[in-house]
Amino acid sequence: MFLKVQLPWNVVIPAESLDIKGLMLQKSIVVQLLDEFASRKATKDLGYLLALTTLESIGEGRVREHTGDVLFPVVFSGITFKLFRGEIAEGVVHKVLKHGVFLSCGPVENIYLSKLKMPDYDYVPGENPVFMNSKMSKIEKGSTVRFIVIGTKWLESEREFQALVGLHADYLGPVS
């Protein structure tokens, strides 16, 4: 779920941002790193990039020939979020369909819980459709559901993950 990672990164500082005294250099590197970190969103191996915690090291800058910009290799620690197969997690239902429900869990917004993976739950159509079991337990829009991850898929074009989940283990289902 949450991972603490150490990442190497290359930060390019435009020549006009460099200060003669070098006092603003570390600040420029950190600001540029935060901008690039925020725009990256997620990676296939690490999951969603949530937070940059510490800047471990700044390497020696190398001047780019044609632009005069300076490239600094940096290493930083950060927190990422990634769902793994077999993991138990909780998500909030945001769409109920006849064949299943879509949930979100943290930054992952496309989590699908198929009707086939909800034993004992039946679809109840209406203005606000729900899945209900014989014990009157409901899975409806806005409800929190504990699930097990069956599999995940990385979508490179959207830079996000999709997940398929189920309720086929003990203590899984709507959380009250």
Side-chain angles (χ1 to χ4, degrees), residues 1-9 11 30-56 74-176:
M1 183 160 291
F2 292 100
L3 304 170
K4 183 172 182 179
V5 296
Q6 200 167 44
L7 289 168
W9 206 276
V11 177
V30 170
V31 167
Q32 187 66 30
L33 179 61
L34 288 171
D35 285 345
E36 291 177 21
F37 187 81
S39 67
R40 189 77 185 267
K41 190 176 175 182
T43 69
K44 182 178 182 178
D45 297 329
L46 300 173
Y48 290 88
L49 305 171
L50 298 181
L52 191 149
T53 55
T54 54
L55 184 59
E56 303 292 337
V74 299
V75 176
F76 65 92
S77 294
I79 306 290
T80 64
F81 178 91
K82 186 176 181 183
L83 291 174
F84 292 97
R85 187 171 196 245
E87 183 174 35
I88 305 292
E90 291 181 2
V92 178
V93 176
H94 62 85
K95 188 184 271 186
V96 179
L97 303 169
K98 185 165 70 170
H99 300 291
V101 297
F102 281 96
L103 304 108
S104 59
C105 175
V108 186
E109 300 206 359
N110 289 317
I111 299 173
Y112 183 63
L113 173 58
S114 171
K115 177 182 176 180
L116 302 173
K117 299 295 180 184
M118 291 188 265
D120 304 326
Y121 280 87
D122 295 312
Y123 179 72
V124 179
E127 190 175 312
N128 294 316
V130 298
F131 280 89
M132 190 179 297
N133 70 6
S134 59
K135 297 175 187 167
M136 304 307 277
S137 180
K138 290 183 189 177
I139 297 175
E140 59 189 340
K141 186 174 181 177
S143 63
T144 301
V145 178
R146 185 174 298 127
F147 55 80
I148 186 166
V149 178
I150 297 169
T152 61
K153 179 181 176 183
W154 168 248
L155 301 174
E156 184 66 46
S157 59
E158 279 94 45
R159 302 199 66 73
E160 66 182 22
F161 286 90
Q162 291 180 334
L164 179 64
V165 300
L167 303 181
H168 54 277
D170 292 338
Y171 306 106
L172 301 182
V175 179
S176 45

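The shown structure was predicted, so the numbers you read here are calculated from the model rather than taken from an experiment.
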Under 3.5 Å: donor-acceptor pair, side chain of R146, backbone of G173: no

Any L167 side-chain heavy atom under 4.5 Å of I139 side chain: yes

Side-chain touch W154/R159, heavy atoms, less than 4.5 angstrom: yes

Nearest atoms (heavy-atom pairs only) where R40 meets W9: NH1-CH2, 3.7 Å

Steps toward side chain to side chain contact (heavy atoms under 4.5 Å, CB included) verdict (V96, F131): CA-CA 8 Å; V96 179; F131 280 89; 4.0 Å; yes

Separation between CG of L50 and OG1 of T80, rounded to the nearest 0.5 Å: 7.0 Å

Which atom of F102 lies closest to which atom of L97, heavy atoms considered: CE1-CD1, 3.6 Å

Minimum-distance pair of heavy atoms, taken over all atoms of F161 and Y48: N-OH, 2.9 Å

N-O pairing of K41 and E160 below 4.0 Å: yes

Check: K82 side chain, K44 main-chain N or O, donor-acceptor pair, under 3.5 Å: yes

Heavy-atom closest pair, residues L83 and M1: CD2-CE, 4.4 Å

Test log, rule side chain to side chain contact (heavy atoms under 4.5 Å, CB included), inputs K141 and N128: CA-CA 8 Å; K141 186 174 181 177; N128 294 316; over 6 Å; no

Pairwise side-chain contact, D120 with K135, heavy-atom cut-off 4.5 Å (strictly under): no

Nearest non-hydrogen partners of Y121 and P174, listed with the distance: OH-CD, 3.0 Å

From NZ (K95) to CG (L103), nearest 0.5 Å: 12.5 Å

Within 6.0 angstrom of E109 CD, more than 12 heavy atoms from elsewhere: no

Rounded distance [0.5 Å steps], CG in L33 versus CG in L52: 5.0 Å

Closest non-hydrogen atom pair between V165 and L113, with its separation: O-CD1, 3.4 Å

Min side-chain heavy-atom separation L172-F147 under 4.5 Å: no

Spacing of CG belonging to L7 relative to CZ belonging to F76, to within rounding of 0.5 Å: 4.5 Å

Short side-chain to backbone donor-acceptor contact, T53 and S77, under 3.5 Å: yes

